[in-house]
Structures are given as C-alpha cells and as structure tokens.
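A short write-up of the structure that comes next.
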Amino acid sequence: MILVLGCFGVPLSVYAEPAVAVDAAPPAPAQHQNMMVDFQTYQQSLDDFFHIKLSTHPDPDYGINSLIIDLSRKAAENPEDTETMISLGHIYRILGQPREANRFYQKALALKPDNYYLYVFSGVMYLQTKQYPEALEQLDKAVAINPYDTYAWLARGRATLELQNEEETLKSYEKVLEINPGNEEALFILSAYYFNRGEKHKALRLLETLFEKHPKDQYLRFRLGSLYLADNQIDRTLNLWEDLFFEGNRDPQFVFSLAVAYFQKGEYDRAEKILDHLQFLLPHETGIQFLLAEVYRATDRPKKAIQAYHAIMAETPDYLDAYIGLIMVLREQNRTAEAEQVMRQAAGHFGSSELDRLQKMIGHNNQIHPDKDVSDESTE
C-alpha cells in the first residue's frame with residue numbers, strides 16, 4: 001500500500017465608507033441565477049468602489065480609525081441602519097478581527113435575513129475563527145438562496161472538510177464542478193476523496209485534468225505519480241518521478257516513494273542505491289529498513305534479509321510486516337521450525353486482526369509491499 005498525500009480559506013478585503021450605502025454599489029441580490037452577481041465579482045466591485053471613496057475623501061487625514069468612529073456613532077443613533085452594520089463588518093474584517101466583523105454581519109442579517117452575500121461573508125468569518133458548524137449553517141443558508149455560485153459551495157466544502165463530513169464535502173465540491181468544471185480546488189479535493197473511496201480511475205481523471213493545466217507543478221507530478229503507482233501503472237509513475245529526481249528534487253518522502261516504484265517495477269539495483277543513501281541520512285527510519293530487507297529477499301540474499309528483519313523487530317516490535325517478511329524468507333530457506341517460532345512470537349504480541357493479516361500474507365506467495373511512511377514507525 002502506497003501512501004498518497006492529500007491536501008485549503010480565501011481572505012476577503014473590502015473597505016466601506018459611512019456616507020455610502022453598501023448595497024448601492026454592486027447590484028442587490030436577486031433570486032435567479034441570471035439576475036445575481038457572483039460573490040467574487042460582488043466582492044471585487046465593493047472593494048474597488050470603497051477604495052476609491054476612501055482615497056478621495058476630502059480630509060487627507062481621514063482614515064480607518066475615523067471611519068470606525070463615524071460608523072459607530074451612526075449605528076448608535078440608528079440601530080436599524082443595515083448599511084452601517086455591513087460597513088462596520090467590512091472594516092473589522094479588513095483589520096483582521098473576524099469575530100468583531102461577524103458581530104456586525106449578524107446584526108445586519110437580523111434586519112436582512114435574505115441577503116445572500118451577508119451569509120457568505122459571515123460564513124467565511126466563522127471559517128477564519130474555526131467555528132465550523134456555525135460556518136456551515138451560514139453557508140447552507142447562502143446556497144439555499146443562490147445555488148449557482150461556486151464561491152459559496154467552495155466555502156461550504158472547506159467547512160465540511162474541517163468537520164470531516166465526507167458526504168457533504170463531496171456534495172459541495174461536486175456542485176462546484178457542476179457549475180465550473182475547471183475549478184482547481186474542486187478537482188484536487190475530489191481526486192483525493194475518490195481515491196480514498198476506491199474510485200481510482202475517477203480520481204485519476206480529475207487529477208489528470210488539473211495536471212494538464214499545470215504540467216510543471218512538482219507537487220502535482222508527485223501526487224499524480226502516487227495515484228498511478230497505487231493503480232499499478234508503474235511506468236507512468238516513473239515517467240513523472242524520474243524527471244522530478246533529475247530536476248533535483250531530494251525530498252525524503254519523494255525519494256523513498258521513487259525507491260518503492262523501482263522496487264515494484266523489479267528494478268532492485270536502483271531501489272537499493274536510493275535506499276542505501278536514505279538510510280545513511282535517516283538511519284532509524286523503519287520504512288527504509290523494511291524496504292531494504294525486501295530488496296535483499298527479492299535478490300536472493302536471505303542472510304542479509306533475515307538480519308534486516310530481526311533488526312527491525314528489535315527496534316520496532318510492533319512492525320507486523322517485519323514478522324511477515326521474516327517468516328516468508330525462513331520458509332523459502334526451508335527453516336520451518338524457526339518460522340514457526342516467529343509465528344508463536346507474533347501470536348503472543350499481536351491482536352486477532354493483525355494475526356489474520358499475517359496468516360493471509362504468509363499463506364500466499366505474493367510479495368509484501370511496504371505500507372509505511374518514511375517517518376512512521378508505528379504499527380499499521
């Protein structure tokens with residue numbers, strides 16, 4: 001089993017000015033897709049509009065602090081002045097105070113409970129303060145008003161991702177792709193989810209679409225190569241990864257993954273050269289030690305393989321694959337009594353699920369593939 005790495009907030013910057021009604025700048029919300037400005041366009045229009053208004057104020061010393069004082073005075077005089085509440089929300093947001101910003105957005109929503117843009121602004125503020133259930137509640141209200149804006153669905157996807165709600169995350173990002181098939185965040189997130197659900201070809205198709213747009217992106221090449229490797233398309237993996245290696249990428253996780261690819265291709269010499277170098281740099285990494293032991297076994301060096309498996313078991317007694325590899329190499333050498341002794345040792349150490357896996361593996365002649373991260377020394 002090959003480790004596939006997985007994989008996001010977008011800060012908003014909008015100024016407001018007290019003499020201007022916020023809703024007077026961009027078009028007001030409407031219920032139909034064709035009558036509604038998408039959130040990002042609305043936000044940009046608001047940003048441009050108030051930048052101009054603030055920069056052309058007749059008093060050159062007039063700034064954010066003066067603006068807050070004026071807005072607060074207006075809000076105190078008229079608690080139902082929605083535009084003032086919204087403007088205060090924008091100012092506090094630009095100052096990096098999302099909780100304070102949301103306090104005013106909530107006041108505005110109490111007066112305008114059908115304002116799509118306010119629900120999105122509020123939901124994004126909750127995302128920034130890591131209040132994910134509250135963010136989801138606001139964003140659900142937003143998409144109920146306007147289900148055709150990718151921004152709200154993206155924000156909703158980020159909230160459900162943090163809440164570890166897989167089905168709702170899929171729903172959000174699939175809706176994004178339905179509206180905008182080229183959205184890069186949705187392509188990336190969905191490829192990871194589909195892969196983890198066993199839908200490998202679906203995952204590959206999405207990531208290939210993203211890769212076509214960014215063929216030089218090193219992380220995408222690593223990620224796509226990982227999916228190819230997990231799908232047993234090893235030549236395609238190596239086509240991507242060898243270029244990365246020759247370009248100078250020496251990240252330990254990547255280099256270890258390249259060794260895994262060579263091992264699975266049967267190019268044991270190349271795998272061993274990489275692993276020897278990695279072991280020199282990271283002498284106590286169990287994943288490296290285990291893959292080296294597997295290389296020794298695959299190249300008919302049983303003595304070195306047995307020594308390597310024993311060394312792993314001594315340093316990391318919970319590493320089940322070392323027991324499996326040792327039992328298999330002992331059986332291959334017709335050292336049945338020693339193999340049975342290792343079996344008994346495992347039976348006294350592991351639980352039923354681990355023993356079931358051990359029995360399944362040693363009952364077949366399949367090779368064992370490393371299933372550990374380079375930096376992971378814990379039991380699977």
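Since we're looking at a predicted model, the values are computed, not measured.
Closest non-hydrogen pair, Met313 versus Ala322, comes out as CG-CB, 3.8 Å. Between His284 and Gln289, the closest heavy-atom pair is CA-NE2, 4.5 Å. Shown here for Ile306 and Arg335, the closest heavy-atom pair between the two residues is CD1-NH1, 3.4 Å. Contact detail for Ala259 and Ala271: the closest heavy-atom pair is O-CB, 3.6 Å. Residue Thr129 comes nearest to Pro98 through the heavy atom pair CG2-CG, 3.6 Å, listed as atom of the first residue, atom of the second, then distance. Here the closest non-hydrogen pair linking Ala308 and Ala293 is CB-CB, 3.5 Å.
Summarising the local packing, CD of Glu77 is surrounded by more than 12 heavy atoms from other residues, nucleotides or ligands at distances under 6.0 Å. Atom CD of Glu80 is surrounded by 12 or fewer heavy atoms from other residues, nucleotides or ligands within 6.0 Å. With a 6.0 Å radius and a threshold of 12 heavy atoms from other residues, nucleotides or ligands, His277 has its NE2 atom at or below the threshold. In the displayed structure, Lys213 atom NZ is contacted under 6.0 Å by more than 12 heavy atoms of other residues, nucleotides or ligands. The neighbour count for Gln307 CD, taken as heavy atoms of other residues, nucleotides or ligands under 6.0 Å away, is above 12.
Applying the ring pair (Phe, Tyr, Trp, His ring centres under 6.0 Å) rule to Tyr126 yields no partners; only residues at least two apart in sequence or on another chain are considered.
Both tests pass for Arg223 against the ring of Phe188: distance under 6.0 Å to the centre and angle within 45° of the axis.
The cluster map of Ile, Leu, Val, Met, Phe, Trp and Tyr, joined by side-chain heavy atoms under 4.5 Å apart, puts Leu281 and Phe254 in the same cluster. In terms of hydrophobic clustering, with Ile, Leu, Val, Met, Phe, Trp and Tyr side chains grouped at heavy-atom distances under 4.5 Å, Phe245 and Leu220 are assigned to a common cluster. Residues Leu111 and Tyr117 do not share a hydrophobic cluster, clusters being chains of Ile/Leu/Val/Met/Phe/Trp/Tyr side chains in contact below 4.5 Å.
In this structure, Glu83 does not pair ionically with Lys74, as no charged nitrogen and carboxylate oxygen lie closer than 4.0 Å. Taking a cutoff of 4.0 Å between a charged side-chain nitrogen and a carboxylate oxygen, Lys107 and Asp81 do not qualify as a salt bridge. Ionic pairing of Glu178 and Lys175 is present here: one or more N-O contacts between side-chain nitrogen and carboxylate oxygen are shorter than 4.0 angstrom.
A distance below 6.0 Å separates the ring centres of Tyr105 and His90. Aromatic pair Tyr42/Tyr116: ring centres not closer than 6.0 Å. Aromatic ring centres of Phe263 and Tyr268: separated by under 6.0 Å.
Remark: the Gln233 side chain and the Asp231 side chain contain an N/O donor-acceptor pair separated by less than 3.5 Å. Checked by atom type, the side-chain pair Tyr92/Arg103 shows no donor-acceptor distance below 3.5 Å. Counted by atom type alone, Gln131 and Arg99 present one or more donor-acceptor pairs between their side chains at under 3.5 Å.
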Pair Glu199-Tyr193, side chain to side chain donor-acceptor pair (under 3.5 Å): steps then yes or no: CA-CA 9 Å; Glu199 301 178 66; Tyr193 267 98; over 6 Å; no
Residues Arg156, Ser172; criterion side chain to side chain donor-acceptor pair (under 3.5 Å); working and verdict: CA-CA 6 Å; Arg156 186 182 187 276; Ser172 294; 2.8 Å; yes
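No option in Arg270, Arg221, Arg236, Lys265 other than Arg270 meets the salt bridge (Lys or Arg N to Asp or Glu O under 4.0 Å) test with Glu242.
A heavy-atom distance below 4.5 Å is not found between the side chains of Leu240 and Leu244. Using a 4.5 Å cut-off on side-chain heavy atoms (C-beta onward), Leu282 and Pro252 make contact. You'll find the side chain of Leu207 stays beyond 4.5 Å of the side chain of Tyr228, heavy atoms only. Taking 4.5 Å as the limit, some side-chain heavy atom of Arg197 sits within range of a side-chain heavy atom of Glu166. Annotation: side chain of Asp318 is in contact with side chain of His349 (closest heavy-atom distance under 4.5 Å). Put simply, the side chain of Leu258 reaches to within 4.5 Å of the side chain of Leu238, judged on heavy atoms. Within the 4.5 Å cutoff, the side chain of Thr84 has no heavy atoms near those of the Asn78 side chain. No side-chain heavy atom of Asp38 sits under 4.5 Å from any side-chain heavy atom of Thr150.
Rounded to the nearest 0.5 Å, atoms CG (Asn249) and CH2 (Trp241) are 10.5 Å apart. Considering CG of Leu326 and CD1 of Ile362, their distance stands at 11.0 Å, rounded to 0.5 Å. Atom CG of Leu275 is separated from atom CD of Gln279 by 8.0 Å, given to the nearest 0.5 angstrom. Remark: Ser353 OG to Leu358 CG distance equals 11.5 Å, nearest 0.5 Å.
Applying the salt bridge (charged side-chain N to carboxylate O under 4.0 Å, His left out) definition to pairs two or more places apart or across chains, those involving residues 117-137 are Glu137-Lys141.
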